[in-house]
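Here is the structure we will look at.
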Amino acid sequence: MPPMSSIPKRCVLEVMTDLIRSDRLRRFAIAPILCAIAIAAVACASDKPAAKAASASAPSEIAPAAGGQFGQWLKGLRDDAAKRGIKAKTLDAALKDVQPIERVIELDRKQPETTLSFTEYVERVIPDSRVMLARLRLVENYGLLEAVQKRFGVEPEFVVALWGIESDFGAHMGNFPVIHALATLAYDGRRSEYFRAELLDALTILDQGHIEPDAMLGSWAGAMGQAQFMPSSFLNYAVDHNGDGRRDIWGTRGDVFASAANYLSTIGWKHGEGWGRRVLVPIGFDLEAAAAEKKPKPVSAWRAAGLTDSDGSALPRSEDRKLATLVLPDGVKGSAYLAYDNFRVILHWNRSNYFALAVGQLADRIRNR
Ligand SMILES: [Ca+2]
């Protein structure tokens with residue numbers, strides 16, 4: 001594997017975003033980043049970024065014809081979509097060239113061979129360069145982020161942190177045509193039911209006129225736009241912040257920020273409560289037993305048990321009433337964190353402790369905390 005520095009960052013981030021998204025779908029905890037880097041290295045060494053390799057218009061990248069079977073399956077899907085009230089005109093435009101994409105199947109089949117430690121993950125997902133860019137993006141968009149904060153009660157640094165980790169601030173949304181990618185996965189059979197439902201939701205989004213089929217781009221697994229929402233999340237949480245009648249999470253920053261904030265707010269975000277903090281534990285403390293205890297305890301109880309802030313100072317009394325669980329991303333030998341309610345809200349977005357801790361840490365670093 002080539003050293004990290006020799007791999008174009010853009011490609012690594014593109015694939016990492018896809019894999020992080022796949023974690024959400026598979027409901028497991030650790031992003032297979034080494035695998036991602038290997039994929040990125042192969043994709044980029046040939047100057048053919050993984051996400052771009054799947055252009056549905058490039059015949060060489062299309063899977064061998066699925067023959068009449070795919071056509072028949074597509075007809076059944078079209079009938080279902082029509083029963084949902086999706087207009088024939090929308091279906092004609094969205095489904096006219098649809099074919100299975102071989103690259104999507106390859107990416108779906110990839111099993112991680114190894115995983116990164118949390119420390120390694122953080123070095124890759126929130127390098128100093130991303131923190132710097134996040135601060136710049138926050139300043140550039142402050143008016144908009146403040147308006148979104150007023151509307152949804154989510155602080156700008158958390159919206160920017162999610163935006164940065166999900167799509168590198170909109171620079172890498174994935175270049176797969178979402179309808180084609182979802183049709184591939186829905187037809188494939190491994191997780192058909194889930195992806196068929198997402199595909200029908202994606203067709204509903206097109207039918208509502210939020211985006212044109214050609215511009216509906218996303219990851220290989222169908223996560224769309226700058227917020228990397230699956231179509232079902234789009235229908236539940238996407239917001240038309242600028243009032244032009246379209247919920248545009250691809251190209252309108254206000255819509256992107258408001259959609260992310262609306263997601264967190266709907267799940268139960270608590271303004272001003274933070275996400276948690278890194279802690280030190282006293283010698284002899286039974287970390288394993290404490291982490292296994294799933295019921296949150298007040299911060300005051302953790303202080304009484306001897307935990308301190310990461311610099312050794314006492315845990316702040318202002319946080320005494322917050323309920324916290326102990327999170328050990330690298331097990332008992334790694335760093336320890338107290339996670340508050342908002343941490344669990346981020347986990348709803350992506351069920352990965354690595355992801356949620358990275359979002360929290362990036363938000364803290366944006367604010368110099
Ligand atoms: Ca809009």
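Indexing begins at 1, ligand by ligand and atom by atom, following the structure's order. Every value quoted in this text rests on a predicted model; they were computed, and no experiment measured them.
Between D320 and R303 there is a salt bridge, since at least one side-chain N of the basic residue sits less than 4.0 Å from a carboxylate O of the acidic one. Between E319 and R277, at least one side-chain nitrogen of the basic residue sits less than 4.0 Å from a carboxylate oxygen of the acidic one, meeting the salt-bridge criterion. Using a 4.0 Å cut-off between charged side-chain N and carboxylate O, D188 and R196 make no salt bridge.
Here the Ca ion (ligand 1) is the vertex; the OD2 atom in D255 and the OD1 atom in D244 give an angle of 150° (to 10°). Angle OD1(N242) to the Ca ion (ligand 1) to OD1(D240): 80° [nearest 10 degrees].
The Ca ion (ligand 1) has no N, O or S atom of T252 under 3.0 Å away, backbone or side chain. Taking 3.0 Å as the threshold, R246 counts as a candidate ligand of the Ca ion (ligand 1), since one of its N, O or S atoms lies below it. The nearest N, O or S atom of D248 is not closer to the Ca ion (ligand 1) than 3.0 Å.
Considering only residues two or more places apart in sequence or on other chains, R278 meets the salt bridge (Lys or Arg N to Asp or Glu O under 4.0 Å) condition with none of them.
Side-chain contact between Y237 and W349: absent, with no pair of heavy atoms (C-beta onward) separated by less than 4.5 Å.
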